[in-house]
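As a basis for the values below, the full set of heavy atoms in this structure was taken, side chains included, without hydrogen atoms, waters or symmetry mates.
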Amino acid sequence: MSPRDSPLVVGLLLALLAGCDLREAPRAFELGEHRGQVRVPAGWTALDHGRQWRLRNREAALVLQDLGAAGPPGIRREVERARELWRGGRVDEARWRLRNVPVPRELFPTAAEREAFWAAWSVFFGDPARVGPYADIDSTFSDVLARVDALPPPDLPALADAGLKALGHDQRRDVKSRQALKVGGRDALEVETWNRLSHANPQRFLFIAHDGYLLALYTPGQADTEALSAFASVRDSLHFAAADSARR
């Protein structure tokens with residue numbers, strides 16, 4: 001018997017293998033312009049769909065997604081990008097971007113402030129045939145940006161409610177539990193939902209406030225044991241690049 005085949009050596013090798021981290025190495029991800037790293041659980045595959053990452057292992061699935069601007073910093077960034085497009089003569093693209101900026105009504109302290117904001121915002125969508133030079137619309141951008149800056153910081157539970165609605169949560173489901181935590185140094189809220197009547201078909205959601213945007217990790221189907229184990233692994237390994245470095 002060679003030294004390699006001795007029971008002592010075999011036992012030591014098995015012990016070393018048992019202690020090894022068999023998870024995949026951290027992988028870089030991009031969600032729109034957001035950058036970071038995450039460990040994909042062993043046996044799972046990840047597909048990049050731009051603003052969405054889909055992870056699968058046979059029938060189990062997870063989704064990591066950018067739900068868009070959520071709060072003044074993100075809204076300001078989107079309006080500034082539309083401003084640059086408009087300044088460059090790409091008016092249709094600028095309007096498309098503005099139409100897709102979520103501005104939750106819950107952000108406004110009063111109805112009067114909300115109505116004044118939307119009155120200013122509506123100027124962007126006047127008759128296209130009467131669009132003049134950029135100088136004619138510049139003051140409207142300045143007005144809207146000033147109103148955005150005056151908005152209070154958003155409440156994460158309220159953002160999570162808006163995120164649930166955006167992901168198809170409706171009156172047929174109830175929130176079972178909420179837990180505030182930190183993920184990658186960012187404020188986050190983990191939410192578990194289930195069927196309102198039967199308390200069956202649980203789902204798990206994680207909403208992360210990231211540089212003025214709302215990111216979500218969630219189980220698109222039932223949160224079974226395999227999906228929940230992968231959910232926890234992905235959640236605990238998420239790390240984000242700083243906003244400035246992410247846009248380089």
Side-chain angles (χ1 to χ4, degrees), residues 17-68 70 102 156-211 213-241 246:
L17 286 173
C20 287
D21 187 351
L22 299 180
R23 296 174 299 175
E24 293 187 12
R27 287 184 56 181
F29 68 82
E30 298 182 6
L31 295 177
E33 296 192 9
H34 309 292
R35 308 287 186 268
Q37 284 190 333
V38 66
R39 286 186 183 272
V40 176
W44 286 67
T45 58
L47 295 176
D48 183 353
H49 295 282
R51 293 180 67 170
Q52 183 187 89
W53 251 41
R54 297 191 70 89
L55 295 87
R56 296 198 67 87
N57 183 7
R58 299 186 298 275
E59 299 303 314
L62 293 176
V63 177
L64 180 62
Q65 184 173 342
D66 172 15
L67 297 180
L156 185 54
L159 290 180
D161 288 341
L164 285 171
K165 185 176 180 180
L167 294 173
H169 190 272
D170 57 30
Q171 68 273 13
R172 293 171 296 180
R173 299 187 65 80
D174 268 340
V175 171
K176 177 185 177 184
S177 65
R178 297 173 184 258
Q179 180 184 1
L181 64 163
K182 291 282 188 179
V183 173
R186 270 66 174 179
D187 290 329
L189 191 69
E190 189 167 314
V191 181
E192 185 177 2
T193 70
W194 57 10
N195 182 277
R196 177 185 293 272
L197 297 178
S198 66
H199 290 179
N201 301 319
Q203 285 184 272
R204 189 70 59 87
F205 301 82
L206 179 72
F207 296 102
I208 307 165
H210 178 63
D211 295 328
Y213 291 77
L214 186 65
L215 307 185
L217 171 69
Y218 60 95
T219 56
Q222 180 168 315
D224 58 18
T225 302
E226 186 174 23
L228 286 178
S229 177
F231 181 98
S233 178
V234 171
R235 177 198 63 206
D236 295 343
S237 68
L238 274 171
H239 293 281
F240 301 98

Are side-chain heavy atoms of D236 and R39 found at a separation under 4.5 Å? no
Calculate, to the nearest 0.5 Å, the distance between atoms NE2 and CZ belonging to H239 and F29 respectively. 10.0 Å
Measure across R204 and A223 and return the closest heavy-atom pair with its distance rounded to 0.1 Å. N-CB, 4.1 Å
Looking at every non-hydrogen atom in both residues, tell me the closest pair between F205 and T193 and how far apart they are. CE1-OG1, 3.6 Å
Between CD of Q222 and CG of N195, what distance do you get to the nearest 0.5 Å? 11.0 Å
Parallel, tilted or perpendicular: rings of H34 and Y213 (30°, 60°): perpendicular
H169 side chain reached by Q203 side chain, heavy atoms, under 4.5 Å: no
All heavy atoms of P26 vs all of Q37, minimum pair found to be CB-OE1, 4.0 Å
Spacing of CG belonging to D170 relative to NZ belonging to K165, to within rounding of 0.5 Å: 10.5 Å
For S237 and V38, work out which heavy atoms get closest and say how close. OG-CG2, 3.3 Å
Show the nearest heavy-atom pair for residues P41 and L55, with the distance to one decimal. CD-CD2, 4.4 Å
Less than 4.5 Å apart, any side-chain heavy atom of L214 and any of F207? yes
Here the gap from D187 atom CG to I208 atom CD1, rounded to the nearest 0.5 Å, amounts to 10.5 Å
Report the C-alpha separation of H210 and D66 in whole Å, then their side-chain angles, then the decisive distance to 0.1 Å, and conclude whether the side-chain contact (heavy atoms from CB on, under 4.5 Å) test is met. CA-CA 10 Å; H210 178 63; D66 172 15; over 6 Å; no
Residues 222-231 vs salt bridge (charged side-chain N to carboxylate O under 4.0 Å, His left out), sequence neighbours excluded, gives R58-E226
Show the nearest heavy-atom pair for residues Y218 and Q65, with the distance to one decimal. OH-OE1, 2.7 Å
Evaluation steps, side-chain contact (heavy atoms from CB on, under 4.5 Å), between L67 and L167: CA-CA 9 Å; L67 297 180; L167 294 173; 3.9 Å; yes
Separation of L217 CG from F231 CZ (nearest 0.5 Å): 4.5 Å
Please evaluate residues L189 and L159 with respect to the criterion side-chain contact (heavy atoms from CB on, under 4.5 Å), reporting the C-alpha separation (whole Å), side-chain torsions for both, the decisive distance (0.1 Å), and the verdict. CA-CA 10 Å; L189 191 69; L159 290 180; over 6 Å; no
Roughly how far, to the nearest 0.5 Å, is the CH2 atom of W44 from the CZ atom of R56? 8.5 Å
Apply side-chain contact (heavy atoms from CB on, under 4.5 Å) to residues R54 and V63 and explain how you reach the verdict. CA-CA 5 Å; R54 297 191 70 89; V63 177; 3.5 Å; yes
So among L181, L215, V191, L64, which one has a side chain to side chain contact (heavy atoms under 4.5 Å, CB included) with L206? L181
Applying salt bridge (charged side-chain N to carboxylate O under 4.0 Å, His left out), name anything that partners D174, two or more places apart in sequence or on another chain. R196
Could you pull out all residues at least two apart from K176 that satisfy side-chain contact (heavy atoms from CB on, under 4.5 Å)? E192, W194
For N201, is there any backbone N or O sitting under 3.5 Å from a side-chain donor or acceptor partner on R173? yes
